[in-house]
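Have a look at the structure below, then the notes.
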Amino acid sequence: MTARKRYWLMKSEPDTFSIDNLRKVGTEPWNGVRNYQARNFMRDGMQVGDGILFYHSNCTVPGIVGIARVASAAYPDPTQFDRKSDYYDPKSRPEEPRWMLVDVAFERKLARTIALEEIKQHADALGEGFALTQRGNRLSVMPVTAAQWKYLLSLE
DNA sequence: GCCAACGTTGGC
DNA sequence: GCCAACGTTGGC
């Protein structure tokens with residue numbers, strides 16, 4: 001029995017890991033998420049094949065730049081046990097890992113960037129539940145409804 | 001580079 | 001369990 005496909009938005013700083021980086025490598029473990037809410041979405045919500053809006057944050061034109069898909073079930077983020085990693089978490093133990101991730105696979109780049117500025121203009125159509133346009137929201141992984149997915153891609 | 005928002009930590 | 005201090009995110 002296969003559950004219905006779900007949709008997500010995932011933020012990445014292009015200076016660290018851009019949509020072009022993802023296109024090059026094909027599939028990437030989404031490591032470094034250190035926020036419980038974002039982790040829970042990956043661990044409890046994501047299923048292989050789910051759609052991902054790839055979002056560039058902290059850059060000149062923040063916005064949605066591509067589409068990816070969930071390519072693995074959730075598994076422990078190995079960087080949490082790597083002392084040399086920026087993401088090392090001394091409080092996490094291998095027998096009880098604190099941080100989980102999924103693999104993310106490249107699908108395509110959008111024909112153009114759907115900028116945050118533009119998305120904000122459609123806030124009414126997207127509904128109040130859309131976390132990206134809610135003031136002060138810093139979540140790096142968030143759910144997107146099928147309707148929001150469709151609407152956002154219709155802007156492309 | 002600034003700073004508002006907000007999550008986490010740790011003293012009490 | 002409260003809450004001040006602190007660190008991070010991320011738009012601008």
Side-chain angles (χ1 to χ4, degrees), chain A residues 6-25 28-46 50-70 74-145 148-149 151-156:
Chain A
R6 295 173 187 164
Y7 301 95
W8 310 91
L9 182 144
M10 297 175 93
K11 295 180 185 174
S12 187
E13 302 194 13
D15 286 351
T16 307
F17 191 79
S18 71
I19 188 71
D20 289 322
N21 293 134
L22 183 63
R23 178 168 59 178
K24 216 168 291 175
V25 298
E28 176 78 2
W30 205 259
N31 59 35
V33 171
R34 295 294 179 267
N35 171 282
Y36 289 105
Q37 215 182 337
R39 177 205 66 183
N40 293 348
F41 285 136
M42 290 197 288
R43 186 188 63 187
D44 308 328
M46 288 190 183
D50 283 359
I52 298 168
L53 296 172
F54 195 105
Y55 179 93
H56 279 174
S57 67
N58 213 359
C59 55
T60 314
V61 183
I64 298 164
V65 294
I67 296 176
R69 69 176 181 277
V70 176
Y75 62 94
D77 181 344
T79 63
Q80 71 195 303
F81 305 123
D82 178 0
R83 288 173 178 282
K84 293 185 192 118
S85 170
D86 286 345
Y87 303 129
Y88 177 62
D89 183 349
K91 291 178 185 165
S92 185
R93 324 188 121 273
E95 56 275 21
E96 201 180 338
R98 181 178 294 197
W99 305 111
M100 306 289 278
L101 54 68
V102 297
D103 290 343
V104 168
F106 179 81
E107 289 246 313
R108 68 178 180 91
K109 275 182 84 165
L110 296 193
R112 67 182 190 88
T113 299
I114 301 171
L116 175 62
E117 190 184 9
E118 184 179 353
I119 294 168
K120 281 180 180 170
Q121 290 166 11
H122 296 272
D124 285 349
L126 290 163
E128 289 184 7
F130 192 49
L132 188 70
T133 46
Q134 273 170 358
R135 192 157 149 269
N137 198 297
R138 300 177 307 163
L139 252 193
S140 64
V141 178
M142 66 186 75
V144 174
T145 67
Q148 288 164 345
W149 171 276
Y151 186 88
L152 286 164
L153 291 179
S154 77
L155 301 175
E156 183 182 1

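Letters go in sequence order (proteins before strands), and every chain restarts at 1. Keep in mind that the numbers below use all heavy atoms, side chains included, and drop hydrogens, waters and symmetry copies.
- Near DNA chain C, defined here as any heavy-atom distance below 4.0 Å, there are no residues from residues 78-91 of chain A.
- Nearest heavy atoms, A/Val70 versus A/Met46: CG2-SD, 3.7 Å.
- Within 6.0 Å of CZ on A/Arg112 lie more than 12 heavy atoms contributed by other residues, nucleotides or ligands.
- A salt bridge does not link A/Asp77 with A/Arg39: every distance from a Lys NZ or Arg NE/NH1/NH2 to an Asp or Glu carboxylate oxygen is 4.0 Å or more.
- Between A/Asp89 and A/Arg98 there is a salt bridge, with a side-chain nitrogen of the basic residue lying less than 4.0 Å from a carboxylate oxygen of the acidic one.
- A side-chain donor-acceptor contact under 3.5 Å links A/Thr79 and A/Arg34.
- Of the N and O atoms on the side chains of A/Asn21 and A/Ser18, at least one donor lies less than 3.5 Å from an acceptor on the other residue.
- Along DNA chain C, read 5' to 3', the first and last nucleotides having any atom under 4.0 Å from a heavy atom of chain A are C/dG7 to C/dC12.
- Relative ring orientation between A/Trp30 and A/Phe54 is described as perpendicular, the plane-to-plane angle rising above 60° on a 0-90° scale split at 30° and 60°.
- Among the atoms of the strands shown, only primed sugar atoms or phosphate atoms (P, OP1, OP2) are found under 4.0 Å from some heavy atom of A/Leu139.
- Looking at which nucleotide of DNA chain B each of A/Asn58 and A/Arg138 is closest to, the 5′-most match is held by A/Asn58.
- Residue A/Asn137 is the one, among A/Asn137 and A/Arg98, whose nearest nucleotide of DNA chain B lies closer to the 5' end (criterion: closest heavy atom).
- In summary, of the residues considered (A/Pro62, A/Ser140, A/Ser12), a side-chain contact (heavy atoms from CB on, under 4.5 Å) with A/Tyr55 occurs for A/Pro62 alone.
- Against DNA chain C, the stretch residues 9-18 of chain A makes heavy-atom approaches under 4.0 Å through A/Lys11.
- In this structure the side chain of A/Asp50 never reaches within 4.5 angstrom of the side chain of A/Tyr7, judged on heavy atoms.
- The six-membered or imidazole ring of A/Tyr75 lies away from that of A/Trp99, with a centre-to-centre distance of 6.0 Å or more.
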